[in-house]
Amino acid sequence: MKPGVVMFAWLPEQASTVAGEVDRLFLWMLAFCVLILVLTVALVVGFCVKYRSSKKRDSEEELLEGAKQRRLEYLWIVAATVVFLGFFGWSANLYFRMFKPYEDPLRIYVVGKQWMWKAQHETGRGEINELHVPVGTPVELVMSSQDVIHSFFVPAFRLKHDVLPGRYTRIHFTATKEGSYELFCAELCGTEHSEMIGRIVVLSEEGYEAWQGRSGGAGRFAEKGRQLYENLGCAGCHEPGRLVPAPPLDEVYGRSVALASGARVEADRQYLRDAILAPNQEVVAGFEAVMPSYREQLENEDIDALVAYLVEKGAAHE
Amino acid sequence: MSEAAETNYLTAGSSLRSWLLTRDHKRIAILYAISITAFFLVGGVAAVLMRLELATPGGDLVASATYNRLFTLHGVIMVWFFLIPSIPSVLGNFLVPLMIGARDLAFPRLNLASWYVFMAGGVLALGAIFAGGVDTGWTFYTPYSSTYSNGYVVAMVAGVFIAGFSSIFTGINFMVTIHAMRVKGMGWFQMPLFLWSMYSTSLIMVLATPVLAITLALLAIERVGGIGIFDPAIGGDPLLFQHLFWFYSHPAVYIMILPGMGVVSELIACFSRNRIFGYKFVALSSVAIAALGFLVWGHHMFVSSQSVVASLVFSLLSFLVAVPSAVKVLNWTATLYRGRIVFSAPMLYAIGFIGLFTLGGLTGLILAAVAVDVHVHDTYFVVAHFHYIMVGGMLMAYLGGLHFWWPKITGKQYSRRWGRVSAVLVFLGFNLTFMPQFVLGYLGMPRRYHIYAEQFQLLNLCSSAGAVILGLGYLLPLCYLLHSLFCGKPAGSNPWSATGLEWQTASPPPEHNFNGRPSSPGEPYRYDRMGKEGGSAEA
Ligand SMILES: [Cu+2]
């Protein structure tokens, strides 16, 4: 056994802003459960002892019946419902806050694939089965899967979310403590599911700068996207002087796009991703459905890079 | 006794043919009992192998590919080929007609067909296992199951699909029988509570199982035909599968507990020599559970990227579905109040049930709290929770019921001492196995992990040790119950001095259940009227 492995603890480490709050709710609910359980067991055991058949009992005892019995039932129903609603309200409120997107987070693209985690920082730095983040900084993960469903689970952050193929899911957290924390895949994803693990390394601000220092500056990931954009011939259609009429992509991100079907959709990351992988599902109004799908040619990380590039283009225009 | 000399349903014919072509609901119940015991043993062996593997953090006993096949086997067999048919198809089949004073179920041929269909499904599923197995988990999540897994998914899914029809057949049969064939004078609120639970269960079986069939068929179509339904790479939607699957499987959770609740109501009333407290509340809460159970499937998908609003609604409904269960616990406890409690083996199982089910239900509240579920979803916390309900609850109730009605079914008495020993052993072994898993789960150990982090070892070791005790606890009844078949004393028609029409006829009952018309039952559970002295059930 490695030295320093804690053999026993009741709660996992708390290393994110929500961890303490989740634990508090959990412990209160646990206390409630224990209370009810102890009460039930005490009553059952108590009755069993007191009313065991071998015991001599004298007179006729009156049972709880009729109106008394019904009153007890209704009281119990109302009490249970009120307590349950109380816990529901508490949990709903917390959940709402946990999942409210951050204003301007540090954004990292995460890809799950059988059986590893890949992360791409906006600086262009990539990692495998590790994720470095600065302490105290709001972080948003834009996650997708290359193959099957995985689930990104960091117990110390009380954070978990499925990572789906073909769809971006986003989660966010703010780490509160420097250190190294376990990352698990929580959704069965095949033979080596239990080895699809990694670690989250939370660094101080300076430590993080230093760690990033060796890679390029901000925007390098989008830069990779720009290169792909040129190499894959997107520019051939989408830039001025195009061969085929195609909508300009400079300001598409964040806009509301009119589709040929008559519907309007907001061009978020998911929309851009779909436009590259399944271009003919949602055709832009006024254009022919001639764009080829890039599903076969692109790794998930490349799609993320292209999307990051288009997002940056859109943001630059605002 | 004179009744022993008459032919009963067991002696009415002894050829294999007379068993395999029987239309007698009691014989069909026996056929089911033998088959699900075999399935239970298969699923149990897989569980033991898993627990042995998990005694150490590394993967030293079996390879990961094998481990994944083991838990899939365990899940599929235990859910579809043991738990779902357990109480309904064995005890229900035997007792529904007897309890309402009927000669048989409404559709005896359909009943026999249900067993054949069940066996066909079971053989196919076992075939898939022995041909090489399936590693998707019993939940068959797409696109892993539809595109990536290289096991015998289609055969396994076909097995479950076919077995589903036996549920539907049984459900229809029970509903029609209960509606149409009650003895004169037995109104809905004079029925034993076991029948209310059977009725509610049948309702779910009939309404939910077709959805499972559709889902599995779609999965097979995608896997074989490459038609994009669930896999996004070919234009499908992976979440659609989860919605459809849980739309069936959440109600199915109640198929796996409602019958247990029904059995426990019978046992508690009989062995406290008391009327059941709040009969109508207990009866109607079964129906409420069946109805609300259809509206909470989304609580399995809190972290699957379901919308925040959807998650909140499902969370709220999941809290509410706990209310009728709470009502039941109150009523069982209150039934003990001022009773004359007899600690027979069935009663010990029933008391154990109350404790385990209560803990299982309460931890369900923690899972319904969506903010906490984000952390504990897909961890051992969930594993512990549902084993408390399905093993601590349903299996305890099944064994309790089996011990209660065994004298009626076989006409023989088993060893009472061993009966009590096994009930206690199962209770202790169960808690030692699954209590540590709650802690493991909150600490963050994901489920379905073959290899795990070192800090989880101590608790896993406790759990594995508990599993050994639990295993012994389950083997015991197999021994002394079988022994009683050959050496047991005759039971007499009503060894527990219980109310209920099934006790009015001989043990084992004659072929057509009753000689003459059973007397009109009146209000159920009048243990207070059974005569204070002569009417107490011996332990
Ligand atoms: Cu994974």
Side-chain angles (χ1 to χ4, degrees), chain A residues 1-2 5-12 22 25-26 29 33 36-37 40-41 43-44 47-48 51-53 61 63-64 69 73 76-77 80-81 84 87-88 91-92 94-95 98-99 147-149 151 153 155 158 160-162 164-166 169 182 184 186-195, chain B residues 64-65 68 137 141 143-144 148 232-233 238 277-278 281 303-305 308 312 315-316 319-320 322-323 326-327 329-330 333-334 336-342 351 354-355 358-359 362-363 365-366 369-372 374-375 377-378 439 442-444 446 448-455 458 536:
Chain A
M1 179 142 311
K2 274 182 273 155
V5 172
V6 186
M7 273 309 281
F8 201 79
W10 289 103
L11 293 177
V22 171
L25 172 58
F26 170 71
M29 292 195 76
C33 294
I36 299 293
L37 184 69
T40 313
V41 171
L43 282 177
V44 168
F47 289 162
C48 282
Y51 303 118
R52 64 188 185 277
S53 61
E61 292 142 320
L63 290 172
L64 278 182
Q69 174 251 325
E73 303 268 10
W76 178 246
I77 293 176
T81 311
F84 292 176
F87 280 127
F88 167 73
S91 129
L94 177 55
Y95 179 70
M98 281 162 75
F99 278 79
D147 36 52
V148 302
I149 299 178
S151 192
F153 177 31
R158 310 292 184 272
K160 177 184 297 117
H161 206 283
D162 284 3
L164 303 173
T169 55
E182 277 159 324
F184 295 126
E187 184 63 66
L188 175 62
C189 58
T191 312
E192 285 164 42
H193 166 56
S194 68
E195 286 158 281
Chain B
S64 291
N68 294 0
Y141 269 23
Y144 184 65
Y148 291 84
F277 186 82
F281 286 86
V303 302
S304 308
S305 98
V308 171
L312 290 179
S315 168
L316 177 65
F319 272 103
L320 294 183
V323 174
V327 168
V329 173
L330 171 84
T333 310
L336 299 173
Y337 178 66
R338 298 204 161 155
R340 284 162 196 280
I341 296 161
V342 184
I351 293 174
I354 299 184
T358 304
L359 183 56
L362 285 166
T363 49
L365 292 175
I366 294 180
V370 51
V372 180
V374 168
H375 175 56
H377 176 79
D378 267 341
V439 186
Y442 202 80
L443 286 174
R448 296 168 170 174
Y449 258 35
H450 172 225
I451 297 168
Y452 59 84
E454 281 174 17
Q455 71 266 29
L458 190 62
S536 75

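Letters A, B, ... mirror the listed sequences (proteins, then strands); counts begin at 1. Side chains are part of it too, since the values below use all heavy atoms of this structure and drop only hydrogens, waters and symmetry mates.
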Measure [X] against the heavy atoms of chain A and call it side chain, backbone, both or neither at under 4.5 Å.
X        : answer
B:Tyr148 : side chain
B:Ile354 : side chain
B:Tyr442 : both
B:Ile351 : side chain

A side-chain contact here means heavy atoms from C-beta on lying under 4.5 Å apart; do [X] and [Y] qualify?
X        : Y        : value
A:Glu195 : B:Ile451 : yes
A:Phe26  : B:Ile366 : yes
B:Phe277 : B:Thr333 : no

Select, from [options], the one with the greatest count of heavy-atom pairs under 4.5 Å involving chain A.
options                                : answer
B:Ala65, B:Gly355, B:Ala326            : B:Ala326
B:Gly137, B:Ala453, B:Ser64            : B:Ser64
B:Val323, B:Val329, B:Val370, B:Val372 : B:Val370
B:Pro446, B:Pro232, B:Ala371           : B:Ala371

Looking only at heavy atoms and a cut-off of under 4.5 Å, which of A:Gly166, A:Ala80, A:Cys189 has the most pairs with chain B?
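Of the candidates given, the most pairs with chain B belong to A:Cys189.
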
Contact winner vs chain B - A:Leu37, A:Leu94, A:Leu25, heavy-atom pairs under 4.5 Å:
A:Leu37

Given that the side chain runs from C-beta out, which part of [X] has a heavy atom under 4.5 Å from chain B: side chain, backbone, both or neither?
X        : answer
A:Glu187 : both
A:Phe184 : both
A:Phe88  : both
A:Ile149 : both

Considering all heavy atoms, the nearest A:Met29-B:Ala369 contact:
SD-CB, 3.7 Å

Ring centroid separation for B:His377 and A:Phe153, is it under 6.0 angstrom?
no

In terms of relative ring orientation, are A:Phe47 and B:Tyr337 parallel, tilted or perpendicular, with 30° and 60° separating the classes?
tilted

Say whether B:Ser305 and A:Asp162, considering side chains only, have a donor N or O and an acceptor N or O under 3.5 Å apart.
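Short answer, no.
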
Ignoring hydrogens and geometry beyond distance, is a side-chain donor-acceptor pair present between A:Ser194 and B:His450 at under 3.5 Å?
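On atom types as modelled, these side chains do not qualify, holding no pair under 3.5 Å.
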
With A:Arg158, which residues qualify under salt bridge (Lys or Arg N to Asp or Glu O under 4.0 Å), at least two apart?
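A:Asp23.
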
